[in-house]
Structures are given as C-alpha cells and as structure tokens.
Amino acid sequence: MTNPEAAAKGAGAAKRAQDFAGVRDWAGYFDLMVGKPARETLVAALASFAREDAAGGGRSPERLAVDLGCGEGRDTLELLSRGWRVVALDGHPKSFELLEPRVRPEDRGRLKTCVASFADAVWPERVDLFNASFSLPFCEPRDWEGVWRRIVASIRPGGRFAGQLFGDRDGWAVLPDRTHHRRAELDALFEGFVFEELREEERPDTNHDGKPKPWHVFHIVARKRCEA
Ligand SMILES: C[S@@+](CC[C@H](N)C(=O)[O-])C[C@H]1O[C@@H](n2cnc3c(N)ncnc32)[C@H](O)[C@@H]1O
C-alpha cells in the first residue's frame, strides 16, 4: 500500500535518506547527510564518559574510539573535536573523500581511516568506545556473528557501545543482505553490558515515491561491565 499524500506529490518528490540507504547508494546518502550533527547515541555516550571524568576529578585521558560505517563522518568529527583518537572505517571510499578535508589540522594526528568491509575491517584490540551509527544493519547476515564477536571483544571493561540495530518489524528486515534483530535477542547480544539507553523506535514512514518504509530501530548506548 502506498501513502496517498506522498504519492500525490508525484515522482518529482526529492529522494530521502531511506531511498539511498535502501539500495546502498552510499554516495547519494552521504551527499544528503554531509554537515549534519553527531548522532544522539554518540552524544549520550560521550556525556557518560564526561560524567565519569568529572567524578574522577575532571582529568580526561586521551581515549580511543572506533567509528564503524562512519559514512561522511558526522560522528568521527565530533569525537575528534572532543580530543578522542578515532579509527574510522567504512566500505565506501567517498566516505573519506568527504571526511578528510573537514578534519581540523590539530585533529589530524588522532585520526586513522581505512576503506574496508565490516568483515575485513581491522580495528584495535582494546577500545574505549565502539560507535556504529545506523551501520550494522547493513552487515551481511553471513558476516554478522564474527563481526559482532570482534566488536564485543574489543570494548574494554567499562567501555561503551553506541549505535543502532534494526528490528524485525523494520521495512528492510525482508531484504536478504541485512541483519535485523528481535527485541528478545538484544539481551543475549549485550550480555556483560548494562544498557544506559535502549530506546525502541517504531513508526510508519514512506520513501519519496510514497511506498511505505516502516522504521523499527533500537537506539543503544551500553556500558561493558567491569567484571565482564
Ligand atoms: C546508513 S549509513 C550510516 C553512516 C553514518 N554512520 C551515519 O550515522 O550517518 C551506513 C554506512 O555503512 C557503510 N556500510 C554499509 N555496509 C557496509 C559493509 N558491509 N562494510 C563496510 N561499510 C558498510 C556505508 O558505506 C555507510 O557509510
């Protein structure tokens, strides 16, 4: 069923982020996203680190984050501006063509970039923050288990995961190259973590042509237990 209001706008309606992401047109997606602020889950995770620093006397160590599927770099730029070291990874080279010119000279020494698929990407063995904003649902199902195991292993005790997973009622859950999760699966995925945010968003939406695109998204910030 199509949304009559959106359909009435006709084929001339501008494409939306989901039109590009739905078909993995990342160059088109980046053009739409460039210049947008950091994702809310990253900002929340950074606030938690800042609270810990304040409680510990305000001295903030230089921390290390991985930004997996960094896109045009909205989250990487935020991390760098706050003094973090960042390993930014993405499968699309245009990601870094857009990101690198926008990195301030004083931040450049703290950024490493690499074009790699999730399955082939290599990141440090011990990180303070693993950030994956709206990227992991695009992991091929055959790669998911290994990628997730490596993510969890690399987060140090007391470190955090920030990002999104997509649910089973999302419109893209039927696509064979996507990885979606039921709510009940999240507790097992995040065994050894405490959720600081687990917000389930479910809402109807449409593509630019009026075709339905229901969203079912889990927005997650989780802290790895120190005894994990
Ligand atoms: C929806 S975008 C999210 C970008 C950015 N993190 C954001 O929040 O806007 C998904 C990103 O994941 C990357 N991506 C998708 N599948 C990938 C894969 N299998 N390996 C590596 N990167 C991938 C895309 O190139 C794209 O930059």
Side-chain angles (χ1 to χ4, degrees), residues 17-18 20-30 33 39 41-42 45 64-77 79 84-100 111-156 159-168 170-193 215-222 224 228:
Q18 57 260 39
F20 295 109
V23 294
R24 294 179 183 265
D25 176 354
W26 298 124
Y29 181 88
F30 299 156
M33 288 294 163
R39 298 285 186 183
T41 37
L42 172 67
L64 174 61
V66 171
D67 190 6
L68 186 72
C70 63
E72 36 66 47
R74 59 201 292 174
D75 287 351
T76 291
L77 290 171
L79 285 157
W84 285 63
R85 286 185 294 136
V86 185
V87 176
L89 303 163
D90 202 283
H92 200 295
K94 188 173 174 187
S95 161
F96 301 113
E97 287 165 25
L98 290 168
L99 166 64
E100 280 164 1
L111 174 63
K112 283 194 182 141
T113 60
C114 186
V115 179
S117 71
F118 296 146
D120 295 336
V122 176
W123 57 83
E125 282 174 15
R126 193 181 160 91
V127 305
D128 298 291
L129 172 63
F130 201 100
N131 187 63
S133 292
F134 290 91
S135 55
L136 284 172
F138 298 94
C139 182
E140 294 269 355
R142 63 169 181 265
D143 297 328
W144 169 261
E145 210 180 303
V147 169
W148 185 248
R149 194 178 335 106
R150 288 197 296 128
I151 290 173
V152 169
S154 66
I155 300 171
R156 66 148 169 97
R160 289 182 171 81
F161 171 89
Q164 282 71 24
L165 297 178
F166 285 2
D168 55 318
D170 189 273
W172 294 333
V174 294
L175 301 178
D177 62 345
R178 308 298 165 91
T179 301
H180 290 235
H181 296 93
R182 292 191 305 279
R183 167 64 188 87
E185 293 174 277
L186 295 190
D187 294 326
L189 287 176
F190 285 91
E191 194 188 348
F193 287 76
W215 291 103
H216 185 200
V217 182
F218 300 108
H219 301 272
I220 299 166
V221 180
K224 199 175 200 181

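The basis for the numbers below is simple: all heavy atoms, side chains too, and nothing from hydrogens, waters or symmetry mates. The structure displayed is predicted, hence computed values, not measured ones.
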For [X] and [Y], I'd like to know if the aromatic rings sit close, meaning centre-to-centre distance below 6.0 Å.
X: W144; Y: H181; result: yes
X: F138; Y: W26; result: yes
X: W148; Y: F161; result: yes

Review point. Do we see a donor-acceptor contact under 3.5 Å between the side chains of Q164 and T41?
Key: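 T41 and Q164 do have a side-chain donor-acceptor pair below 3.5 Å.
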
Check your understanding: Are a donor atom and an acceptor atom from the side chains of E72 and S95 found within less than 3.5 Å of each other?
Key -> no

Distance in Å, [X] [atom1] paired with [Y] [atom2], rounded so as to fall on 0.5 Å steps:
X: L77; Y: L99; atom1: CG; atom2: CG; answer: 5.5 Å
X: R149; Y: S154; atom1: CZ; atom2: OG; answer: 12.5 Å
X: R24; Y: L175; atom1: CZ; atom2: CG; answer: 9.0 Å
X: M33; Y: F20; atom1: CE; atom2: CZ; answer: 9.5 Å
X: D67; Y: K112; atom1: CG; atom2: NZ; answer: 15.5 Å
X: T179; Y: R142; atom1: OG1; atom2: CZ; answer: 10.0 Å

With distance as the sole test, does [X] use its side chain to make a donor-acceptor pair with the main-chain N or O of [Y] at under 3.5 Å?
X: E185; Y: R182; answer: yes
X: K224; Y: I155; answer: yes
X: D90; Y: V115; answer: no

Practice item. Report, as yes or no, whether the 6.0 Å neighbourhood of atom CD on E145 holds more than 12 heavy atoms from other residues, nucleotides or ligands. Key: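 It does not: E145 CD has 12 such atoms or fewer within range.
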
**Study point:** Within 6.0 angstrom of R183 CZ, more than 12 heavy atoms from elsewhere
**Key:** yes

Should [X] and [Y] count as side-chain neighbours, where that means a heavy-atom distance under 4.5 Å?
X: C70; Y: L89; answer: no
X: F118; Y: E140; answer: no
X: W215; Y: D170; answer: yes
X: V86; Y: L64; answer: no
X: R74; Y: L42; answer: no
X: I151; Y: L136; answer: yes

Check your understanding: Should the ring pair W172 and F166 be called parallel, tilted or perpendicular, given that the plane angle runs from 0 to 90° and is split at 30 and 60?
Key -> tilted

**Study point:** Short N-O contact, D128 and R156, less than 4.0 angstrom
**Key:** yes

Check your understanding: Between P141 and R178, which heavy-atom pair has the shortest distance, and what is it?
Key ->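 Reported closest heavy-atom pair: CG-O, 3.2 Å.
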
